[in-house]
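What follows is one structure encoded as structure tokens, with my remarks underneath.
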Number of protein chains: 2
Amino acid sequence: MAAPSRKTDVFQAIADPTRRQLLSMLGEREMPVSVISGHFPMSRTAVSKHLRILADAGLVKERKIGRETRYRLEPEPLLELKRWLAYYERYWDNKLLALQRFVEGDETDGTIALVAPEEDGTRTID
Amino acid sequence: MAAPSRKTDVFQAIADPTRRQLLSMLGEREMPVSVISGHFPMSRTAVSKHLRILADAGLVKERKIGRETRYRLEPEPLLELKRWLAYYERYWDNKLLALQRFVEGDETDGTIALVAPEEDGTRTID
DNA sequence: ATTATATGAAACCAAAAGGTTTCGTGTCAA
DNA sequence: TTGACACGAAACCTTTTGGTTTCATATAAT
């Protein structure tokens with residue numbers, strides 16, 4: 001399955017505080033737009049647009065029931081974030097950090113040598 | 001300690017692909033601006049601005065050496081991201097998800113009941 | 001049949017983001 | 001001391017973002 005190459009980037013999607021709030025809200029239960037938007041100090045339409053962005057990133061799924069559209073959390077894309085973050089776990093090990101800084105003291109030309117992850121966490125195939 | 005209430009949001013800071021690339025690059029070694037910008041298809045000034053944003057988020061630290069400024073990764077703020085993400089781990093447990101959806105089938109009024117994390121992952125003290 | 005409800009689409013707008021070029025300043029090298 | 005280098009600040013421009021209001025459409029309720 002891999003990454004379904006979504007329309008909107010997950011990193012981009014969660015950058016907005018309103019959208020993060022939406023996610024936590026929709027994690028609890030599926031909800032229709034009007035109910036959701038009741039919790040925000042902005043128009044229903046604005047919330048609706050945020051929901052679309054989240055949907056484009058695969059972070060929420062919509063389901064039509066009668067005249068209402070209900071949204072619910074779809075956590076799977078967050079795994080990409082988790083993967084990205086996992087790389088940096090290694091820096092939380094202080095010993096490794098110390099070692100690295102020690103090495104830095106020597107080589108000062110700025111050449112890149114060590115291995116990096118997929119540089120930006122997105123599958124850029126070049 | 002806690003959250004030093006940084007000028008720029010971590011979520012915002014990592015939203016840009018260029019900045020994510022910068023982080024992975026600076027994780028490997030400390031580097032001066034001109035060397036860093038050599039790896040990007042944009043002006044040195046543009047890279048410099050991205051570095052400032054990262055610095056404002058606490059994700060990189062700068063150190064002046066002679067006429068050059070070297071930047072290095074400062075991974076600590078990523079812990080906020082990790083904390084945020086940790087909340088959603090619970091949804092990756094399929095059993096819990098199944099249970100929740102079952103419950104949803106009953107209560108359809110859209111009232112919020114369950115406990116949410118800090119809604120948007122930022123320390124909003126009100 | 002008519003009216004009310006739930007929602008998305010469209011047009012619009014101000015502010016923020018991401019870039020550029022130009023300029024000033026501090027530092028190193030001849 | 002003169003020039004080259006490394007860098008940030010400032011002014012500027014274009015595109016994107018986050019919001020608004022208005023309108024159209026589908027469904028539900030009377």
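Note that these values count all heavy atoms, side chains included, but never hydrogens, waters or copies made by symmetry. Reminder, nothing fancy here: chain letters follow the sequence lines and each chain counts from 1. Everything quoted here is computed from the prediction, not taken from an experiment.
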### Query
Just checking B/Y71: base, sugar-phosphate only, or nothing, at a heavy-atom cut-off of under 4.0 Å?
sugar-phosphate
### Query
So do B/L78 and A/Y91 actually touch side chain to side chain, heavy atoms under 4.5 Å?
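A/Y91 vs B/L78: side chains apart.
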### Message
Do B/M31 and B/R70 have side chains that approach each other closer than 4.5 Å (heavy atoms only, starting at C-beta)?
### Response
no
### Task
Sequence neighbours left out, what passes salt bridge (Lys or Arg N to Asp or Glu O under 4.0 Å) with B/K82? Give chain and number order.
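B/K82 satisfies salt bridge (Lys or Arg N to Asp or Glu O under 4.0 Å) with A/E89 once adjacent residues are dropped.
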[atom1] of [X] versus [atom2] of [N]: gap in Å, rounded?
| X | N | atom1 | atom2 | value |
| --- | --- | --- | --- | --- |
| B/Q21 | C/dG18 | CD | P | 14 Å |
| B/K64 | D/dA6 | NZ | P | 14 Å |
| B/R63 | D/dA6 | CZ | C1' | 16 Å |
| A/R52 | C/dT7 | CZ | P | 13 Å |
| A/M31 | C/dA6 | CE | C1' | 16 Å |
| A/E62 | C/dA6 | CD | C1' | 13 Å |
| B/D9 | C/dA16 | CG | P | 15 Å |

### Task
Using side chain to side chain contact (heavy atoms under 4.5 Å, CB included) as the criterion, list what pairs up with A/A57, not counting sequence neighbours.
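Here the qualifying residues are A/T8, A/A13, A/L59.
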#### Entry: By side chain to side chain contact (heavy atoms under 4.5 Å, CB included) - contacts of A/T45 (at least two apart)
A/S43
### Query
Salt-bridged, B/E76 to B/R6, with N to O below 4.0 Å?
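B/R6 and B/E76: salt-bridged.
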### Task
Not counting sequence neighbours, list each pair that qualifies as a salt bridge (charged side-chain N to carboxylate O under 4.0 Å, His left out) and has a residue in residues 36-57 of chain B.
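Of all non-adjacent pairs touching residues 36-57 of chain B, those that pass salt bridge (charged side-chain N to carboxylate O under 4.0 Å, His left out) are B/K7-B/D56, B/R52-B/E62.
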Under 3.5 Å between N/O atoms: give me all the protein pairs with nucleotides 13-22 of chain D, atom names plus distance.
unit_1, atom_1, unit_2, atom_2, d
D/dG18, OP1, A/D16, OD2, 3.2
D/dG18, OP2, A/R19, NH1, 3.1
D/dG19, OP2, A/H50, NE2, 2.2
D/dG19, N7, A/K49, NZ, 3.0
D/dG19, O6, A/K49, NZ, 2.5
D/dT20, OP1, A/S43, N, 3.4
D/dT20, OP2, A/S43, N, 2.9
D/dT20, OP2, A/S43, OG, 2.6

### Query
Linking I/L/V/M/F/W/Y whenever any side-chain heavy atoms sit under 4.5 Å apart, do A/Y87 and B/F11 land together?
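Yes; B/F11 is reachable from A/Y87 via cluster members.
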### Query
If you look at every heavy atom in A/F40 and A/I36, which pair is closest and at what distance?
CD1-O, 3.3 Å
### Task
Determine, for nucleotides 24-30 of chain D in 5'-to-3' order, which nucleotides have protein heavy atoms under 4.0 Å from the base (write B), from only the sugar-phosphate (write S), or from neither (write -).
---BSS-
#### Entry: Short side-chain N/O contact to C/dT7 OP1/OP2 from A/S34, under 4.0 Å
yes
